[in-house]
Amino acid sequence: MTPEEFRRQGKAVVDWIADYYEKVESFPVMAQVKPGAIRASLSKSAPRQGEPFESMMRDVEKLILPGITHWQSPNFFGFFPSNTSFPSIMGEMLSAGLGVQGMLWATSPACTELETHVLDWLVQMLDLPRKFLSTSAGGGVIQDTASNSSLCAVLAARERATRYASNERGCDGKLVAYTSAQAHSSIEKGVKIAGIGRENLRLIDVDGNFAMKPEALDAQLQRDIAAGRTPFFVCTTLGTTSSNAMDPVRAIARICGERNVWLHVDAAMSGTAALCPEFRSIHDGLELSDSYCFNPHKWMFTNFDCDCFYVADRNGLIRTMSVLPEYLRNKATESGAVVDYRDWHVQLGRRFRALKLWFVIRYYGVEGLQHHIRRHVELAQEFASWVRADKDFELAAPAPLNLVCFRHRGGDEINQHIMDRVNQSGAMYLTHTRLRDKLVLRMSIGQTNTELRHVERAWKCIREAAAASA
Ligand SMILES: *Cc1c(COP(=O)(O)O)cnc(C)c1O
């Protein structure tokens with residue numbers, strides 16, 4: 001493809017994307033296809049000769065769109081937001097265009113330095129502890145996902161606890177990790193991958209609001225120590241996936257501090273709320289943590305993938321991850337004056353993700369971002385007030401920010417019917433969880449273009465579905 005043809009077709013693709021956003025509300029939010037239907041429509045083998053670009057775009061319309069669940073629809077209320085924005089999309093385009101591989105500072109200095117800079121901006125923007133700044137002993141790095149950040153936290157914690165011996169000889173089976181029974185499944189996955197063993201992950205009890213009970217953690221730590229085990233890692237969650245519960249970080253940090261246990265804080269979705277000073281109380285005690293992560297790719301208008309991972313002691317993380325083969329040796333690295341982000345995560349290669357984040361922050365400004373976050377929280381609180389006022393429905397958990405967990409009082413079956421019905425209608429998308437062994441519907445508000453009218457219509461759909469299912 002020549003630059004001339006790219007210029008022409010590339011503009012057509014941008015037009016296509018703009019058109020898509022203009023009409024995204026007209027599609028059924030949840031893809032309505034049967035398993036295997038999309039594959040069955042694709043040609044059986046790869047083309048022998050190249051095809052015209054136009055025919056690929058026709059097939060995107062005809063074959064791919066029907067199999068898309070429209071995460072960017074303002075009527076998407078499932079799981080958690082994975083919102084995006086035009087500035088972010090353009091940042092992704094430039095990143096693809098530059099095609100940079102940012103594994104070392106030397107392989108593209110701007111890729112590394114912009115990342116360090118934007119992550120320092122975010123420390124100020126979210127009022128994170130100063131120890132996470134690159135100018136202190138810590139620092140931040142962009143990872144693909146919160147799952148990988150948590151894995152890196154487990155690995156760095158494992159090495160600290162064993163004085164880097166487990167990197168040399170493997171784990172001795174004495175290490176024990178802790179998180180709440182409501183924590184994200186990625187913690188269990190990280191513990192498995194890190195060789196700790198799932199049996200050595202303790203799921204600590206939660207209170208009536210689904211937050212970890214510090215006294216239950218303390219008791220479990222004492223039992224494990226008495227049994228000759230080595231507690232090494234605690235993961236707390238700010239905004240659990242199921243119900244947006246906030247673990248009491250300060251009380252837990254105190255317990256970890258007494259025993260030199262690594263404290264990781266997973267704020268994947270809710271961390272973004274700290275852009276607004278009025279929601280920053282969720283950070284209480286964060287200055288006592290060893291690592292923290294949140295996902296701009298969830299609620300901060302930044303395309304998947306983009307997770308920001310911060311550590312208080314970057315040397316510990318680097319010592320855990322670093323391996324230096326001859327072919328990566330270079331003068332800049334040896335001078336010690338540069339950051340090589342390949343030593344901050346599992347994989348070697350890395351995309352230029354800071355560009356989209358830089359674009360989002362500069363385009364909206366802190367005030368613009370705050371405006372949208374406040375709006376989403378207001379909409380969720382309004383929805384919660386409708387639930388509270390309706391005799392047939394009840395809230396199933398506190399709704400501190402933008403997620404409302406609620407249920408019809410009529411039992412699991414009717415809630416399942418409501419969800420199936422609204423999702424099959426295509427008008428909106430809703431997902432569920434289980435709390436206290438009851439099926440609970442989750443209204444997650446955070447798509448970039450969701451407005452009051454979308455939330456009003458969703459509530460109307462839900463009530464109509466309830467009436468039809470009763
Ligand atoms: C969504 C979520 C995750 C997983 O996020 P990925 O970036 O997809 O790995 C982890 N923890 C919490 C609390 C989440 O909400």
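Quick caveat, the model's predicted, so the values are computed rather than measured. Just so it is clear, the values below take in all heavy atoms, side chains as well, and ignore hydrogens, waters and symmetry mates. Both counts, for ligands and for their atoms, begin at 1 and track the order of listing.
- Ligand 1 lies under 4.0 Å from heavy atoms of F80, T145, A146, S147, H184, S186, T237, G239, T241, D266, A268, N295, H297, K298.
- Relative to the ring axis of F233, R158 does not place its NZ or CZ within 45° and under 6.0 Å from the centre.
- Counting only distance, with no hydrogens or angles, the side chain of D266 and the backbone of A268 share a donor-acceptor pair below 3.5 Å.
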Kindly list each side-chain donor-acceptor pair under 3.5 angstrom involving residues 243-251, sequence neighbours excluded, with atom names and distances?
unit_1	atom_1	unit_2	atom_2	d
N244	OD1	S270	OG	2.8
D247	OD1	M212	N	2.8
D247	OD2	T237	N	2.8
R250	NE	D284	OD1	3.0
R250	NE	D284	OD2	3.2
R250	NH1	E287	OE2	3.2
R250	NH2	D284	OD1	2.9
R250	NH2	E287	OE2	2.9

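- Using a 4.5 Å heavy-atom cutoff, the side chains of W386 and R463 are not in contact.
- Scored by the side-chain contact (heavy atoms from CB on, under 4.5 Å) test, V387 finds F383, F393, L395, F406, W459 as partners (sequence neighbours excluded).
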If you look only at distance, which donor and acceptor atoms sit under 3.5 Å apart when one is on a side chain in residues 357-368 and the other is two or more places apart or in another chain?
none

